[in-house]
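Below is one structure, written out as structure tokens; comments come after it.
Each chain gets a letter, A, B and so on, in the order the sequences are listed, and its residues count up from 1.
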Protein chains: 2
Amino acid sequence: MLVDTKEKILDAAEELFADQGFASTSLRDITTEAAVNLAAVNYHFGSKLDLLRAVFARRLGPVNAERFERFDALEDPDVEDVLRAFVAPLFKRLREPGDGWAKFMQLVGRTHSDTNDEIRACLIEQIRVIGARFAGALQATLPDLPPDVFSSRFHFFVGAMAHTLAFCRHQDMPLVSSLPEPDAILDNLVDFAVAGLRAPARSAPARSAMSLEAIK
Amino acid sequence: MLVDTKEKILDAAEELFADQGFASTSLRDITTEAAVNLAAVNYHFGSKLDLLRAVFARRLGPVNAERFERFDALEDPDVEDVLRAFVAPLFKRLREPGDGWAKFMQLVGRTHSDTNDEIRACLIEQIRVIGARFAGALQATLPDLPPDVFSSRFHFFVGAMAHTLAFCRHQDMPLVSSLPEPDAILDNLVDFAVAGLRAPARSAPARSAMSLEAIK
DNA sequence: GTCTATATCCTGATAGAC
DNA sequence: GTCTATCAGGATATAGAC
């Protein structure tokens, strides 16, 4: 079976990358777990980095397609509408059977802050376009926020989301006891982000002239 | 000079770990950059992981000491007081000359979400105690928040902070133009987090019995 | 397409002279 | 404390038989 070999490699790579990290997982680990030959990875994918790209593309393809559909359907959205259009298409996959999506989301969250730029780029290049659309749509719902303040707050939200993805599957959270259900996590994230993004802008004693101009 | 060799290794390791990541930086990279002999790393630090621990300990020691002092001095604090007691002792170091602290903060932010548990543990073990105190003090300022909601929101804040640390030194932010000054970043983070943490709790249609009980 | 065998390189760590 | 030289192992990638 040729197509099965590719899928078996993708499944094993996804799980091992999520559990041990990309750099700490060898191709031997993957082919052993998948019960395929070592050389099959290079035959089907070309390189280890291309395998990582394929892992992201398999699940991010449908997710990003749904995100675009939801953005297209938005009419005069508020902050929460835009946030949910971006986040829900990913989080709702947690309701599917098996833990494949949970592992994938952990991998996404961790790779997003990876220390190695080459590895991080494999993910970033697949969310750059949808991410730009998301940022633009979100900023449009916050017209009174100075651009640099929006910029900061947008990154706070991205960080909160990435961290949630990276650790929502984690058993041993260091500082707290336990985490709520997937749907509750999404609701909590949206509530938190909506309030944070809509907080009144500081009177800004040391804000730049350009930003002050943007306030009008 | 013996003490200088240790410092030179620490400086080079900090910079290279922050720029390329721990796994992608070899001891040869470090000793070349530091202009010391390869064997000096194992002589002075024992292993590569122990070197990483030493990099964290050097700067986190004074920062955490100041955090404890500020927590001890708190009297009937609100959410913002607790947040600043934890965050300010680190962020204020950005005002010191040179970019050593900026590199260090980037390393902290990235290591916090590292895909490899062994690497992440080198950092976590040095912030576990102060982190637990921070979480406890913060929760005390939000007595009306159900514990599981607080738990989620606390992690959102941690993610926002880690992401900010990891990328505040980054030139090429993918989605936005530029980032404001260090002091403004801290103010923005605090404003965002205070609003997010104090957002009213959702009426909770599917909350667990224990959490409902905690609301009382 | 799948497999074995291997090329080529780089890693962290160390032994032992100075 | 510092250095040279090297060990032992693991990595990715590939050549070539089947």
Side-chain angles (χ1 to χ4, degrees), chain A residues 1-56 58 107 110-111 114-123, chain B residues 1-58 107 111 114-123:
Chain A
M1 316 287 181
L2 29 155
V3 61
D4 274 12
T5 296
K6 282 187 76 164
E7 289 293 319
K8 283 197 294 185
I9 292 173
L10 285 171
D11 289 338
E14 182 174 76
E15 171 163 6
L16 291 171
F17 287 161
D19 281 340
Q20 314 173 356
F22 177 81
S24 304
T25 302
S26 70
L27 296 181
R28 284 171 179 79
D29 293 338
I30 294 169
T31 53
T32 300
E33 170 81 16
V36 302
N37 188 271
L38 170 61
V41 172
N42 274 278
Y43 177 79
H44 286 289
F45 297 98
S47 75
K48 191 184 177 186
L49 274 177
D50 284 329
L51 170 59
L52 181 64
R53 290 190 183 91
V55 168
F56 286 131
R58 179 171 63 157
L107 176 61
R110 291 184 162 199
T111 308
D114 199 282
T115 43
N116 184 281
D117 286 327
E118 207 174 14
I119 297 170
R120 227 179 60 248
C122 294
L123 170 63
Chain B
M1 316 290 183
L2 28 154
V3 61
D4 274 13
T5 296
K6 282 188 76 164
E7 289 293 319
K8 284 196 294 185
I9 292 173
L10 285 171
D11 289 339
E14 183 174 74
E15 171 163 7
L16 291 171
F17 287 161
D19 281 340
Q20 314 173 355
F22 177 81
S24 303
T25 302
S26 69
L27 295 181
R28 283 167 180 80
D29 293 338
I30 294 168
T31 54
T32 300
E33 170 81 15
V36 302
N37 188 271
L38 171 63
V41 172
N42 274 278
Y43 176 80
H44 286 289
F45 297 98
S47 74
K48 191 185 178 187
L49 273 176
D50 283 329
L51 170 59
L52 181 64
R53 290 190 183 91
V55 168
F56 286 132
R58 178 171 64 155
L107 176 61
T111 307
D114 198 282
T115 43
N116 185 282
D117 286 327
E118 207 175 13
I119 297 169
R120 228 180 58 248
C122 293
L123 170 63

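- Which of D:dT6, D:dT14, C:dT2 sits closest to the side chain of A:A39 comes down to D:dT14.
- Between D:dG1 and B:T5, no contact under 4.0 Å exists linking OP1 or OP2 to a side-chain N or O.
- Between A:D114 and A:T111, the side chains place no donor N or O within less than 3.5 Å of an acceptor N or O (distance only, hydrogens not considered).
- For the pair B:K48 NZ and C:dT14 C1', the interatomic distance rounds to 17 Å; values are reported in whole Å.
- Nucleic acid contact for B:A40: none, since no nucleic acid atom lies under 4.0 Å from a heavy atom of the residue.
- Close to D:dT4, at under 4.0 Å from its OP1 or OP2, lies a side-chain N or O of B:N37.
- Relative to the side chain of B:L27, the nucleotides D:dT2, C:dA13, C:dT2 differ in distance, and C:dA13 lies closest.
- OP1 or OP2 of C:dC10 has not a single side-chain nitrogen or oxygen of B:S26 nearer than 4.0 Å.
- A donor-acceptor pair under 3.5 Å links the side-chain atoms of A:T25 to the main chain of A:L16, judged by distance alone.
- Here the P atom of nucleotide C:dG12 and the CG atom of B:L52 are 13 Å apart, to the nearest Å.
- Rounded to an integer number of Å, the gap from CZ of B:R28 to P of C:dC10 is 10 Å.
- Regarding B:Y43, its OH atom lies at a distance of 15 Å from the P atom of C:dA15, rounded to whole Å.
- When atom types are taken as modelled, the side chain of A:K48 and the backbone of A:V41 share no donor-acceptor pair closer than 3.5 angstrom.
- Take the nearest nucleotide of DNA chain D for A:N42 and for A:D29: the residue whose nucleotide is more 5' is A:D29.
- Rounded to whole Å, the distance from CG on B:L38 to C1' on C:dC10 is 12 Å.
- B:T25 comes within contact range of the sugar-phosphate backbone alone, with a heavy-atom separation under 4.0 Å but no base atom that close.
- Taking atom CZ on A:F45 and atom C1' on C:dG1, their separation rounds to 14 Å, with Å as the unit.
- Between the NE2 atom of B:H44 and the P atom of C:dA13 there is a distance of 15 Å, given to the nearest Å.
- Note on B:K8 versus B:D11: no salt bridge recorded, every NZ/NE/NH1/NH2 to OD/OE distance being 4.0 Å or above.
- For the pair B:K8 NZ and D:dT2 P, the computed distance is 9 Å after rounding to whole Å.
- The minimum heavy-atom distance between B:S24 and B:D29, with the atom names listed, is O-OD2, 4.0 Å.
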